[in-house]
Each structure stands twice: as structure tokens, then as C-alpha cells.
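Contents: one structure, followed by commentary.
Each residue takes its place number in the sequence, starting with 1. Owing to the predicted nature of the structure, the values given are computational and were not obtained by experimental measurement.
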Amino acid sequence: MPKSKRVSVVALTQTDKKGRGGKEKLIEEIQKSADQYSYIWVFSVKDMRNTFLKEVRNDFKSSRFFMGKNRVMAKALGNTPEEEYKTGLSKIAEQLNKEVGLLFTDKTPEEVKAYFNEFRQPDYARSGVVASQTIVIGEGAVKRGVDPMPHNMEPLIRSLGMPTLLRNGIVTLSAPYTICKTGDVLSTNQSHLLKLFYHQLAEFHVQPICCYHNGEVINVDKQ
């Protein structure tokens, strides 16, 4: 494992004392982890859900995760070859943009890739997400899964844009209704309807981007 080039002192200006202290603590923890673990991964998260991320953290109890402050994490690693904490870490720092995180671990690359390839959790899509399927509710008696839609929910689904009516206490559609089409950017009403009808169009998935080991960075093909 490459030794630290130097003791890295990172200046953090234009912040209050509390904020500066938090950033300095994060930098210290990241550099400590860089010394402790054999592998450093950059990863992104598709359809982020804290509940599922907590499950991932629990499965990697002996490892460390960092997310949320890309600029500070990049400073800890070093943005340039001259600033990098260890040889090659600036190549990791340049990957820290958008919604990504760092994983420090001693698990082998094969173990990490196999785990994340298998760990996929379906969930309900939120507003702003692009629909991956076309969802149509057929005409006639409206069902929620295999059961009839409860009559007391009819005002709610009608308020969300579905033209339902009650016939003899049965929630009914006079014509098929399309909740969303593939490629639609879901509105709040559409995401609410999808949840009410048990259609999970989102999938939590951690995608490894690249891995650092002994001064070398290897990019990972998307899975």
C-alpha cells in the first residue's frame, strides 16, 4: 500500500468555526481511512433510499462509507498530483461529482462487485423520476392488486386525476386510464397513484464507478 506523501494540512477558509471544525474532522477521518483500508471505491446510488443504504452499511460493518460533501472529500484526497494524500488519489478525487460517495474497505473487488450487483431493492418512484414502464388501469371495476379498490378511497384517486365514479359502491372506470407512459417525468399525482396501485417503478442500486488500490485506479463497467 502506498505510503502517505506527506502530512496533509488542508486550509478551509470562509466558514464559521462550527462548519470548519466539521470539515476538518471529515478530512481527518477520510485520510485515516485511506491509511487503514486496502481499497477505496467511488460509487453512485440509483433511486436513493436511506433505509436501503443503512442495510448496505450494516453488511459492510468493517468498512467505512462517506457521502454528501464532495468538495471536502476531494480536498482530503487531493485534487492534483501535487496535493494528493497518496499517490494516485487525485484520480479518485476527480470522480467526486454529482451524487456519489466513497467506500473504504478490505473486501476484495470481486466481493464488492458481486454484492452490489445482487443488492437491488424495488421501491415506489418519486415525483421527478422518469417512468420505466407504461402503467394502464383497465376499464370497469378498479382493482388494487388483486383486490377491489376500497370505495372510501374513490375521492382520493379522483382528486389525483383518475376519472373514477362509484357504481353500487364499486369504484369504476368507464374507460382505460393511463397513469404514466414510459419516459414520462412523473408528477406528484402520478407517483401517488402508482403507490396506491402497488406499482414499484424505482430500484435502489449502488453502482461502483472506480476502485483505488496501491496507487492504481481501475474503472468499473456499469452493470
Side-chain angles (χ1 to χ4, degrees), residues 41-61 63 65-70 96-103 107 111-209 220-223:
W41 293 82
V42 178
F43 64 89
S44 62
V45 181
K46 181 177 180 291
D47 294 317
M48 177 66 176
R49 300 291 188 273
N50 287 332
T51 301
F52 296 142
L53 185 60
K54 185 177 180 180
E55 189 174 341
V56 171
R57 288 178 182 270
N58 189 59
D59 289 340
F60 280 77
K61 284 183 178 178
S63 305
F65 285 86
F66 296 91
M67 291 189 72
K69 293 185 171 70
N70 289 345
L96 297 177
N97 55 74
K98 298 183 180 178
E99 295 183 6
V100 297
L102 292 173
L103 165 62
K107 290 182 181 290
E111 288 178 289
V112 172
K113 288 189 287 186
Y115 175 87
F116 287 129
N117 188 46
E118 293 178 6
F119 191 90
R120 298 169 185 265
Q121 299 289 345
D123 203 352
Y124 296 106
R126 296 170 177 170
S127 60
V129 170
V130 177
S132 59
Q133 299 177 37
T134 296
I135 302 296
V136 180
I137 306 301
E139 67 178 296
V142 176
K143 290 191 174 182
R144 187 188 192 199
V146 297
D147 300 317
M149 176 66 71
H151 66 87
N152 60 352
M153 294 187 68
E154 193 275 335
L156 172 60
I157 59 177
R158 181 158 32 88
S159 73
L160 295 172
M162 183 177 288
T164 54
L165 49 86
L166 278 176
R167 287 179 178 166
N168 298 321
I170 298 173
V171 182
T172 307
L173 279 170
S174 58
Y177 180 78
T178 301
I179 295 180
C180 64
K181 295 180 180 179
T182 301
D184 283 353
V185 177
L186 296 176
S187 67
T188 300
N189 284 2
Q190 286 174 308
S191 62
H192 197 166
L193 283 170
L194 288 170
K195 187 172 184 177
L196 288 174
F197 282 89
Y198 303 144
H199 289 286
Q200 295 181 313
L201 302 192
E203 183 184 65
F204 174 91
H205 175 52
V206 175
Q207 174 62 56
I209 297 172
V220 178
D221 294 331
K222 290 187 177 180
Q223 300 171 332

Subject >> Residue pair Leu166, Val171: steps toward the side chain to side chain contact (heavy atoms under 4.5 Å, CB included) verdict >> reply: CA-CA 5 Å; Leu166 278 176; Val171 182; 3.9 Å; yes
With the side chain counted from C-beta on, respond yes when [X] and [Y] share a heavy-atom pair under 4.5 Å apart, and no when they do not.
{"X": "Val56", "Y": "Phe204", "answer": "yes"}
{"X": "Ile137", "Y": "Phe197", "answer": "yes"}
{"X": "Leu196", "Y": "Leu156", "answer": "yes"}
{"X": "Leu186", "Y": "Leu194", "answer": "yes"}
{"X": "Gln121", "Y": "Glu55", "answer": "yes"}
{"X": "Met149", "Y": "Thr164", "answer": "no"}

Donor-acceptor contact below 3.5 Å, side chain [X] vs main chain [Y]:
{"X": "Thr178", "Y": "Val136", "result": "no"}
{"X": "Ser44", "Y": "Val100", "result": "no"}
{"X": "His192", "Y": "Ser187", "result": "no"}
{"X": "Asp47", "Y": "Ala125", "result": "no"}

Original post:
Where do Phe43 and Met67 land on the side chain to side chain contact (heavy atoms under 4.5 Å, CB included) test, with the steps shown first?
Top reply: CA-CA 10 Å; Phe43 64 89; Met67 291 189 72; 3.9 Å; yes
Which value, rounded to the nearest 0.5 Å, describes the distance between [X] atom [atom1] and [Y] atom [atom2]?
{"X": "Leu193", "Y": "Tyr177", "atom1": "CG", "atom2": "OH", "value": "6.0 Å"}
{"X": "Arg167", "Y": "Glu154", "atom1": "CZ", "atom2": "CD", "value": "11.5 Å"}
{"X": "Ser63", "Y": "Arg57", "atom1": "OG", "atom2": "CZ", "value": "11.0 Å"}
{"X": "Asp59", "Y": "Phe116", "atom1": "CG", "atom2": "CZ", "value": "9.0 Å"}
{"X": "Ile179", "Y": "Met162", "atom1": "CD1", "atom2": "CE", "value": "4.5 Å"}
{"X": "Trp41", "Y": "Leu102", "atom1": "CH2", "atom2": "CG", "value": "13.0 Å"}

Taking all atoms of both residues into account, what is the closest heavy-atom pair of [X] and [Y], and its distance?
{"X": "Thr182", "Y": "Thr134", "value": "N-OG1, 3.0 Å"}
{"X": "Pro122", "Y": "Gln200", "value": "CB-OE1, 3.7 Å"}
{"X": "Ala141", "Y": "Ile170", "value": "CB-CG2, 3.8 Å"}
{"X": "Gly128", "Y": "Val185", "value": "O-CG1, 3.7 Å"}
{"X": "Lys98", "Y": "Asn70", "value": "O-ND2, 2.6 Å"}
{"X": "Leu103", "Y": "Phe60", "value": "CD2-CE2, 4.1 Å"}

Original post:
With sequence neighbours excluded, what pairs up with Arg49 under the salt bridge (Lys or Arg N to Asp or Glu O under 4.0 Å) test?
Top reply: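 Arg49 satisfies salt bridge (Lys or Arg N to Asp or Glu O under 4.0 Å) with Asp123 only.
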Original post:
Does anything in residues 135-149 pair up under salt bridge (charged side-chain N to carboxylate O under 4.0 Å, His left out), and if so which pairs, sequence neighbours excluded?
Top reply: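 For residues 135-149, and leaving out neighbouring residues, there are no salt bridge (charged side-chain N to carboxylate O under 4.0 Å, His left out) pairs at all.
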**OP:** Return yes when atom CD of Glu99 has more than 12 non-hydrogen atoms of other residues, nucleotides or ligands closer than 6.0 Å, and no otherwise.
**Re:**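 Atom CD in Glu99 is not packed in, count stays at 12 or less.
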Subject >> Within 6.0 Å of NZ in Lys107, more than 12 heavy atoms from elsewhere >> reply: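 Atom NZ in Lys107 is packed in, count exceeds 12.
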Original post:
Is there a side chain to side chain contact (heavy atoms under 4.5 Å, CB included) between Val45 and Phe52 once you walk through the steps?
Top reply: CA-CA 11 Å; Val45 181; Phe52 296 142; over 6 Å; no
